[in-house]
Peer 1: 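Would you mind keeping the following structure in view while I ask a few things?
Numbers restart at 1 for each chain; the letters A, B, ... are given by sequence-line order, proteins then strands.
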Amino acid sequence: MPELPEVETLARDLDRLVAGVEIAAVETCWSRSVAIPTAEELAERLPGCSITGVRRRGKFLILSLSDSSDLLVHLRMSGQLRVEPASCSPDGHARVIFQLADGRQLVFSDTRKFGRIYWTRDLREVVGDLGPEPLGDGLTVEAFSAALACRRGAIKPLLLNQRFLAGLGNIYTDEALFLAGVHPLRRANSLTAEETERLYRAIRTVLGQAIASRGTTLDDERYLDAEGWPGSYGERLRVYRRAGEPCPRCGEAIERIVVGGRGTHLCPRCQDATPPSKHAAPASGSHQGTTA
DNA sequence: CTAGGTGCCTGATTGC
DNA sequence: TGCAATCAGGCACCTA
């Protein structure tokens, strides 16, 4: 599933590939892919506009247009955005096709039809409720710590909450919690200062490494970049979809449980479900530390 | 605020 | 072999 690293990769590629190019026509094959306003209106209003730049906010891709409006795309589970020559025959799952004035096309393809396209003159209408960027300067460890302190629920569903933090999905949440040595069911406000800092750094480490690897493409998940290439972070995943395999840190078998209705992967030895008591011996091994 | 449920979808998997 | 039931999963939306 496309999460922050995949969307970031796509945004960088698209900015390189289509910034400055004019949209000639919009063809919609599945009208429900257009969340706002309507497929008809897109076809009517976008032709003639140029794409001035492409960036990311949370898991949203933002294509800025020359008339100062923005076209946003959320890929959800199976969405893909691909740039190809207009001569390419349509993919069976193409939902919206943007014909470009230079003879190429930008295709939004989406097997499961969960992805959505938004066109607006006010970004807040779409991304206004998103929490901070995990890799942004604004999110200091102090701010992260303060935010955790006033939440009583389990840490994993909180990290998945886009209003709390924008961009994490199931894969990178499991990976970050493992790297930090924090059990997904721990109450957010029960984390010690050390655990909070480890988690903060683990999130940034995992996302940074995944971006460097151009994202995760699993066998049955068809994330591909704008030119159709897979990401290579799948081979570096430590726990996600590795139930039964040995923990890379201690060798214990990785477990799969369900948290908040989502498949969750963890090492039962490295990620303790009970908060450390204040006067107990300090934590043993080194979580995070080196991230080979 | 928190926790749980449903619907949206389709391809893969499992069961018989 | 074939067909039906089940499941995954991000997010909006609803109820308690």
Peer 1: A:Arg187 CZ to B:dC1 C1': how many Å, rounded?
Peer 2: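 Distance, rounded to whole Å: 12 Å.
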Peer 1: More than 12 non-hydrogen atoms from neighbouring residues, nucleotides or ligands closer than 6.0 Å to CZ on A:Arg45, yes or no?
Peer 2: no
Peer 1: Round to a whole Å and report the spacing from NZ of A:Lys156 to C1' of B:dG4.
Peer 2: 17 Å
Peer 1: Mind checking A:Arg151 for me? I need base, sugar-phosphate or nothing, with any heavy atom below 4.0 Å counting as a touch.
Peer 2: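 Sugar-phosphate contact only.
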Peer 1: By the definition side chain to side chain donor-acceptor pair (under 3.5 Å), identify the one residue from A:Arg204, A:Arg198, A:Glu197 that meets it with A:Tyr200.
Peer 2: A:Arg204
Peer 1: Closer to the 5' end of DNA chain B via nearest nucleotide, is it A:Arg76 or A:His93?
Peer 2: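 Looking at the nearest nucleotide for each, A:Arg76 comes out on the 5' side.
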Peer 1: When all nucleic acid strands are considered with a 4.0 Å heavy-atom cut-off, which category describes A:Met1: base, sugar-phosphate, or nothing?
Peer 2: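 The answer is sugar-phosphate, as A:Met1 gets under 4.0 Å only of primed atoms, P, OP1 or OP2.
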Peer 1: Would you check, one step at a time, whether the test salt bridge (Lys or Arg N to Asp or Glu O under 4.0 Å) holds for A:Glu195 with A:Arg186?
Peer 2: CA-CA 11 Å; A:Glu195 287 172 327; A:Arg186 287 281 301 283; 2.7 Å; yes
Peer 1: Please report the C-alpha distance between A:Gln80 and A:Ser109 in whole Å, then the side-chain angles of each, then the deciding distance to 0.1 Å, and finally whether the side-chain hydrogen bond (donor to acceptor under 3.5 Å, both in side chains) criterion is met.
Peer 2: CA-CA 5 Å; A:Gln80 295 178 11; A:Ser109 171; 4.7 Å; no
Peer 1: Could you check whether A:Gly263 gets within reach of a base, just the sugar-phosphate, or nothing at all, counting any heavy atom under 4.0 Å?
Peer 2: sugar-phosphate
Peer 1: Could you check A:Arg163 against A:Phe114 and say which one's nearest nucleotide on DNA chain C is further toward the 5' end?
Peer 2: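 Between the two, 5'-proximity favours A:Phe114.
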Peer 1: Let me check the geometry of the helix from B:dT2-C:dA16 to B:dC16-C:dG2. What is the bend angle between the axes at its two ends, five pairs each, to 10°?
Peer 2: 50°
Peer 1: A:Asp225 versus A:Thr217: any side-chain heavy-atom pair under 4.5 Å?
Peer 2: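 A side-chain contact under 4.5 Å is absent here.
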Peer 1: Tell me, please, the opening and closing nucleotides of DNA chain C, 5' to 3', among those with an atom under 4.0 angstrom from a non-hydrogen atom of chain A.
Peer 2: C:dA8 to C:dC11
Peer 1: Nearest to the side chain of A:Arg32, which nucleotide is it out of B:dT2, B:dG11, B:dC9?
Peer 2: B:dC9
Peer 1: Heavy-atom count check: over 12 atoms from other residues, nucleotides or ligands less than 6.0 Å from A:Arg152 CZ?
Peer 2: no
Peer 1: Rounded to whole Å, how long is the line connecting atom CG of A:Asn189 with atom C1' of B:dC1?
Peer 2: 12 Å
Peer 1: Checking contacts here: which listed nucleotide (B:dC9, B:dT2, B:dG11) is nearest the side-chain heavy atoms of A:Trp30?
Peer 2: B:dC9
Peer 1: Could you tell me how far apart A:Gln80 (CD) and B:dG11 (P) are, to the nearest whole angstrom?
Peer 2: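 To the nearest whole Å, that distance equals 13 Å.
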Peer 1: Counting the atoms with a prime plus P, OP1 and OP2 as sugar-phosphate, which does A:Tyr240 contact under 4.0 Å by heavy atoms, base, sugar-phosphate, or nothing?
Peer 2: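 The answer is sugar-phosphate, as A:Tyr240 gets under 4.0 Å only of primed atoms, P, OP1 or OP2.
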Peer 1: For A:Asp137, is the CG atom crowded, meaning more than 12 foreign heavy atoms sit under 6.0 Å from it?
Peer 2: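 No - once you tally the heavy atoms of other residues, nucleotides and ligands closer than 6.0 Å, there are 12 at most.
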Peer 1: Search all heavy atoms of A:Lys156 against all heavy atoms of A:Gly263 and return the closest pair with its distance.
Peer 2: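 Looking at all heavy atoms of both residues, the shortest contact is NZ-O, 3.4 Å.
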Peer 1: Is any side-chain N or O of A:Arg112 closer than 4.0 Å to OP1 or OP2 of B:dC8?
Peer 2: no
Peer 1: For A:Met77 and B:dT10, give me the distance from atom CE to atom P, rounded to whole Å.
Peer 2: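 It works out to 14 Å between those atoms.
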Peer 1: Spell out, yes or no, whether A:Leu168 and A:Phe178 are grouped together once hydrophobic residues are joined by side-chain heavy atoms under 4.5 Å, including indirect joins.
Peer 2: no
Peer 1: At 4.0 Å (heavy atoms only), tell me whether A:Arg241 reaches a base, stays on the sugar-phosphate, or touches nothing.
Peer 2: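 It contacts nothing in the nucleic acid.
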Peer 1: Check this for me: A:Arg163, atom CZ, are more than 12 non-hydrogen atoms of other residues, nucleotides or ligands nearer than 6.0 Å?
Peer 2: no
